[in-house]
Chemist: 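Encoded as structure tokens, here's the structure I'll be asking about.
To find a chain, count down the sequence lines: A is the first, B the second, and so on, and within it residues start at 1. Note that this is a predicted model, so its numbers are computed, not measured.
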There are 2 protein chains.
Amino acid sequence: MLQQQPLDLAFQALSDPTRRAMVERLARGPASVSELAGPLPMSMSAVMQHLKVLEGAGLVVSEKVGRVRTCRVEPEALTAAERWLNDRRRSVERSLDRLGLFLEQTKPETEPRE
Amino acid sequence: MLQQQPLDLAFQALSDPTRRAMVERLARGPASVSELAGPLPMSMSAVMQHLKVLEGAGLVVSEKVGRVRTCRVEPEALTAAERWLNDRRRSVERSLDRLGLFLEQTKPETEPRE
DNA sequence: ACGATACTTAAGTGAATGCTTCAGCAACAG
DNA sequence: CTGTTGCTGAAGCATTCACTTAAGTATCGT
């Protein structure tokens, strides 16, 4: 891709179970990199790389105080992905409704319910 | 990963702009593989591979009649991802509210607004 | 000052991804 | 029957991904 759109980065970031686990942890409150890495079966270096992906997608922001970097979720970034899904789903359901209505109108003599 | 969970596959599938374009097209109504491939700048073979990813994630189902495979979106698969995002976002917002309340209660003598 | 803590960066590796091309194959049109 | 359409499969290839290890760099506690 020539240019990465926000949604690309968001869905891409959330497609990895480790990163989703990090978001789930951060959804319960801010945490340091060490706290994030604690339960995960990998090096802190790997966790840092996942963190950069999440930050790159705008899903997480972090701030370093002293030697501790504290991370938290940016809820608005979740909203964008949420809205895309909601819009598509509603569009599908709407077109299914239209189909059902069409079938009902063009063949009123067949039984309406299964 | 040892085991791919439904959400892994869904977010993974949606992380690619081509596949999201396919879902957007299918959200407006069913389409054949050719119709899906039409506007996309790649071979139909590549589109087929994307379609398999979408089907593997349960986001799309298709049925072949004659030599034409007709595809449509499975709206319930979108709901799962939608709910995950909604749950996390609400959790974050809830913990931010708690923080705000805590700060307000523990330091009532400081000015409440910035 | 010294060591421990908490990150940070760089380089490397094996596997997965996103294509391509080419070669089928079944269904339909004439 | 023959050619075209619409899809399908396999192989190959460049890039990206998710790690690893190893070597930093700032803090912080004593």
Side-chain angles (χ1 to χ4, degrees), chain A residues 1-26 29-72, chain B residues 1-26 29-72:
Chain A
M1 278 301 135
L2 301 172
Q3 173 171 306
Q4 293 279 64
Q5 290 184 287
L7 273 182
D8 294 13
L9 297 170
F11 281 125
Q12 171 81 293
L14 293 174
S15 72
D16 184 274
T18 298
R19 286 193 291 264
R20 277 210 314 287
M22 289 169 70
V23 170
E24 291 189 358
R25 166 63 190 83
L26 292 175
S32 69
V33 179
S34 303
E35 285 168 344
L36 281 177
L40 298 172
M42 64 187 67
S43 69
M44 191 162 67
S45 190
V47 172
M48 276 293 297
Q49 290 170 51
H50 282 302
L51 181 61
K52 278 177 185 168
V53 174
L54 289 168
E55 291 203 46
L59 293 165
V60 167
V61 293
S62 68
E63 188 191 7
K64 192 164 185 174
V65 175
R67 54 184 171 172
V68 177
R69 176 172 297 278
T70 303
C71 317
R72 61 183 172 78
Chain B
M1 279 302 136
L2 302 173
Q3 172 172 310
Q4 294 278 65
Q5 290 184 286
L7 273 182
D8 294 13
L9 297 170
F11 282 125
Q12 171 81 296
L14 293 174
S15 72
D16 184 275
T18 298
R19 285 191 293 262
R20 278 210 314 287
M22 291 169 69
V23 170
E24 291 189 0
R25 166 62 191 83
L26 291 176
S32 69
V33 179
S34 304
E35 285 167 343
L36 281 177
L40 298 173
M42 64 186 68
S43 69
M44 191 163 68
S45 191
V47 173
M48 275 294 295
Q49 291 170 51
H50 282 302
L51 180 60
K52 278 178 185 169
V53 173
L54 289 168
E55 290 203 45
L59 293 165
V60 167
V61 293
S62 68
E63 189 191 6
K64 192 163 184 175
V65 176
R67 53 184 173 174
V68 177
R69 176 173 297 278
T70 304
C71 316
R72 60 183 174 79

Chemist: Is the side chain of B/R25 donor-acceptor paired with the backbone N or O of B/L36 at a distance under 3.5 Å, no angle test?
Modeler: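 A pair under 3.5 Å: no.
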Chemist: May I ask you to verify if any side-chain N or O of A/K64 is less than 4.0 angstrom from the OP1 or OP2 atom of C/dA6?
Modeler: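 No, outside the criterion.
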Chemist: Between P on C/dA6 and CD on A/E63, what's the gap in Å once rounded to a whole number?
Modeler: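 Distance check: A/E63 CD to C/dA6 P gives 18 Å.
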Chemist: Could you check how far CG of B/L51 sits from C1' of D/dT8, rounded to whole Å?
Modeler: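 Atom CG in B/L51 sits about 11 Å away from atom C1' in D/dT8.
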Chemist: Please work out if B/S45 contacts a base, only the sugar-phosphate, or nothing of the nucleic acid, heavy-atom cut-off 4.0 Å.
Modeler: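 Touches a base.
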Chemist: Want to settle it: does A/V65 or A/A46 sit nearer the 5' end of DNA chain D, counting the closest nucleotide to each?
Modeler: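 The residue closer to the strand's 5' end, by nearest nucleotide, is A/A46.
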Chemist: Roughly, in whole Å, what's the span from CD in B/E55 to C1' in D/dT8?
Modeler: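 Computing the B/E55:CD to D/dT8:C1' distance gives 13 Å.
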Chemist: Do you know the tightest heavy-atom contact between B/A10 and B/L59?
Modeler: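 Scanning both residues completely, I find the closest heavy atoms to be O-CD1, 4.0 Å.
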Chemist: For the residue pair B/S15 and B/R19, what are the closest heavy atoms and their distance?
Modeler: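 Nearest pair, atom of B/S15 first, then B/R19: OG-NH2, 4.4 Å.
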Chemist: Just by distance, do the side chain of B/R20 and the backbone of B/L14 share a donor-acceptor pair under 3.5 Å?
Modeler: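 Judged by distance alone, yes, a pair lies under 3.5 Å.
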Chemist: I need the CZ-P distance between B/R20 and C/dG18, as an integer number of Å.
Modeler: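 Taking CZ of B/R20 and P of C/dG18, I get 12 Å after rounding.
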Chemist: In this structure, how many angstroms lie between the C1' atom of D/dC13 and the CE atom of B/M42, rounded?
Modeler: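 Result: 17 Å.
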Chemist: What about B/Q49: does its side chain form a donor-acceptor pair under 3.5 Å with the base of C/dC19?
Modeler: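 Such a pair exists between side chain and base.
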Chemist: Rounded off to whole Å, could you give me the CG-to-C1' distance for the A/L9 and D/dC17 pair?
Modeler: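 Result: 14 Å.
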Chemist: For C/dA4 and A/R67 - does any side-chain N or O of the residue sit under 4.0 Å from the phosphate oxygens OP1/OP2?
Modeler: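 No.
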Chemist: Could you grab the distance from atom CZ of A/R69 to atom OG of A/S32, nearest 0.5 Å is fine?
Modeler: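 It comes to 11.5 Å.
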Chemist: With the side chain of A/S43 defined as its heavy atoms from C-beta on, choose the nearest nucleotide among D/dT21, C/dT8, D/dC19.
Modeler: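 Closest nucleotide among those given: D/dT21.
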Chemist: For a quick test of reading the model: is some side-chain N or O of B/Q12 closer than 4.0 Å to OP1 or OP2 of C/dT17?
Modeler: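 Yes.
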Chemist: Look at the side-chain N and O atoms of B/T18 and state whether any lies under 4.0 Å from the OP1 or OP2 oxygen of C/dC19.
Modeler: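 Indeed, a polar side-chain atom of B/T18 lies that close.
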Chemist: If you compare every side-chain N and O of B/H50 against the phosphate oxygens of C/dC19 (OP1, OP2), does one of them come in below 4.0 Å?
Modeler: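 True: B/H50 side-chain N/O within range (under 4.0 Å) of C/dC19 OP1/OP2.
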Chemist: Check the distance between D/dG9's C1' and B/K52's NZ and give it to me in whole angstrom.
Modeler: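 Distance, rounded to whole Å: 7 Å.
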Chemist: Rounded off to whole Å, could you give me the CG-to-C1' distance for the B/D16 and D/dT15 pair?
Modeler: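 Distance check: B/D16 CG to D/dT15 C1' gives 14 Å.
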